[in-house]
Amino acid sequence: MSTKDWILHLDLDSFMASVEILRHPELRDRPVIVGGNGDPTVPRTVVATASYAAREHGVHSGMPMRTALRKSPDAVFLPSDMPAYEAASAQVMDTLRRFPITLEIWGLDEAFIGARTDDPFELARTLQKAVLDETGLTCSIGIGDNKHQAKLAAQFQKPAGISQLTSDQWPAVMGPRPTSALWGIGAKTTTKLADMGLHTVADLAAADPRELARRFGPTNGPWLRYLALGKGEAGVTDTPWVPRGHSHETTFTTDLTDAAAIREHVTAFARQLAGEAADEGRDVIRVTVKVRFAPFITQTRQTKLDTPTTDPDPIQAAALAALDRFTLDRAVRLLGVGVEYANR
DNA sequence: TCTGGGGTCCTAGGACCC
DNA sequence: TCTGGGGTCCTAGGACCC
């Protein structure tokens, strides 16, 4: 094999549940479900991560906790413990950084790796072993010519697998698969594509780009075909990600109707976000309030600040001004506030 | 399956200006 | 005074991801 640049995608297996099993070894091989406050009878909470034993019972992330309880009544339910997951993630990333690779962190449980090597499988095995030895966690690794290929390949043999998907292999491996197999095509786009008679990746790759642009817009239309051709971004950077903003939201167990209580929640979120902006040294330029009315109708209102700031008073005022532009005539299921940062 | 929370990016339409 | 076209900014919503 000749030396060349490869992109690897590393995906920690059932990450949050695996961290919990490390802390509680007696849970090994039991169905473990992490989500909400750990009480699966609370309505409007969902599964964050399910262990592989729980997945065998049909439990998956995003599923309502009450459904998960029905499917896996003997499972161990645990609350999300973000500080513990952040610490475990940092340990994994520190382990990876010791290798001569470029590490691009992509959330708590994923990373892209750029490496110049003649044997990417050997590199993948070495990384898997180092992560397992130092943290006790298993991961799956995909190898490709770009991020899209590597990302998909990592899903081919989970858990603890290594798979490769290159441009040469793409038409044979991905062509017959449904368009929903692509990274970036979800349920809505799958339906719209099916309406156009485009069902497989090969169908989409052969579709008329002008027709796609007409249906999906000038950027998204051509991008869909680009995905189907197996193309993708090939650059990996270890420059840390700079967040565009932050938000907080909460779904109430029972709907809120009291106007004063609604204002209090929005105020508290706005001031919390102002504090976080100050901690990060970032100025806020826009504040968005999100209201989800019963049964499930979501609206947003936003206010641009005259002057970028971390001062909680104008940020709170902007949030309340946005809130005032809603017609609060129905019960409120969710309230959220988000801030957008000025460029840095 | 009665549907979380935290993100990113794109689109469409209106306001406004020249 | 019956009305063009382009550019930019802003807002609201939607789609997708983990």
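What you are looking at is a predicted structure, and each value in this text was computed from that prediction instead of being measured. The chains referred to below are lettered A, B, ... by the order of the sequence lines, with proteins before strands, and numbering in each begins at 1. Computation of the quantities below employed the complete heavy-atom set of this structure, encompassing side-chain atoms and omitting hydrogens, waters and symmetry-equivalent molecules.
Pairing each heavy atom of A:V337 with each of A:L273, the nearest pair is O-CD1, 3.2 Å. A pairwise comparison of heavy atoms in A:I315 and A:A270 identifies CG2-O, 3.8 Å as the closest pair. Between A:F269 and A:T250, the shortest heavy-atom distance links the atoms CZ-CG2, 3.9 Å.
As rounded to whole Å, 11 Å separates atom C1' of B:dG7 from atom CZ of A:R244. In this structure, A:F296 places its CZ atom 10 Å from P of B:dG5, rounding to the nearest Å. Here the P atom of nucleotide B:dG7 and the CD atom of A:E249 are 10 Å apart, to the nearest Å. Atom-to-atom, CD of A:E280 to P of B:dG6 comes out at 14 Å; the value is rounded to the nearest Å. When rounded to the nearest whole Å, the span between CD of A:Q302 and C1' of B:dG14 equals 14 Å. Here the P atom of nucleotide B:dG7 and the CZ atom of A:R282 are 12 Å apart, to the nearest Å. Summarising the geometry, the separation between CZ on A:F216 and P on C:dA15 is reported as 11 Å, rounded to the nearest angstrom. Nucleotide B:dG6 holds its C1' atom 13 Å from the CD atom of A:Q272, rounded to whole Å.
Within the cation-pi definition used here (under 6.0 Å to the ring centroid, within 45° of the axis), A:R282 does not qualify as a partner of A:Y341. Within the cation-pi definition used here (under 6.0 Å to the ring centroid, within 45° of the axis), A:R292 qualifies as a partner of A:F296.
OP1 or OP2 of B:dG4 sits under 4.0 Å from a side-chain N or O of A:R292. For A:S247 and B:dG5, the shortest distance from a side-chain N or O to OP1 or OP2 is not below 4.0 Å.
Considering only the side chain of A:R301, C:dA12 comes nearest among B:dT3, C:dA12, C:dC18. Listed candidates were C:dC18, B:dT8, B:dT3. Nearest to the side chain of A:R44 is B:dT3. Of all nucleotides listed (B:dC10, B:dT1, C:dA12), C:dA12 comes nearest to the side chain of A:T300. Here B:dC2 is the nucleotide among B:dG4, B:dC2, B:dC10 with the atom lying nearest to any side-chain atom of A:T67. Among C:dC18, B:dG6, C:dT11, the nucleotide with an atom closest to any side-chain atom of A:H248 is B:dG6. When distances are taken from the side chain of A:N220 to each of B:dC2, B:dT11, B:dG6, the shortest belongs to B:dT11. Closest to the side chain of A:R70, out of C:dC18, B:dT11, B:dT1, is B:dT1. Checked against C:dA15, B:dG5, B:dG4, the side chain of A:T250 finds its nearest nucleotide in B:dG5. Closest approach to the A:R325 side chain among C:dT11, C:dC18, B:dT8 is made by C:dT11 (side chain taken as heavy atoms from C-beta onward). Between C:dC18, B:dT3, C:dT11, one nucleotide has an atom nearer to the side chain of A:W183 than all others, and that is C:dC18.
Using a 4.0 Å heavy-atom cutoff across all strands shown, A:K151 reaches sugar-phosphate atoms only and no base atom. A:R333 comes within 4.0 angstrom of a base, heavy atoms only. Looking at heavy-atom distances under 4.0 Å, A:G107 makes no contact with the nucleic acid at all. Here A:G36 lies out of heavy-atom contact (under 4.0 Å) with every strand. Residue A:T189 is in sugar-phosphate contact alone, with no base atom involved, counting any heavy-atom pair closer than 4.0 Å across all strands shown. Among the atoms of the strands shown, only primed sugar atoms or phosphate atoms (P, OP1, OP2) are found under 4.0 Å from some heavy atom of A:I185. The residue A:A48 sits apart from the nucleic acid: no heavy atom pair falls under 4.0 Å. Note on A:R286: only backbone sugar-phosphate atoms sit closer than 4.0 angstrom, heavy atoms only; bases stay farther off.
When the C1' atom is used for both B:dC2 and C:dC18, the distance is 22 Å, rounded to whole Å.
The 5' end of DNA chain B is approached more closely, in terms of each residue's nearest nucleotide, by A:P295 than by the other of A:P295 and A:W241. Mapping A:P218 and A:S61 onto DNA chain B via the closest heavy atom, the residue that lands nearer the 5' end is A:S61.
Once rounded to the nearest 0.5 Å, the distance linking NE2 of A:H148 with CG of A:L182 reads 4.5 Å.
Classification of A:R44 and A:D255 as a salt-bridged pair holds, one side-chain N sitting under 4.0 Å from a carboxylate O.
Across every strand in view, C:dC18 sits in a pair with B:dG5 that passes the Watson-Crick or G-U test at under 3.5 angstrom.
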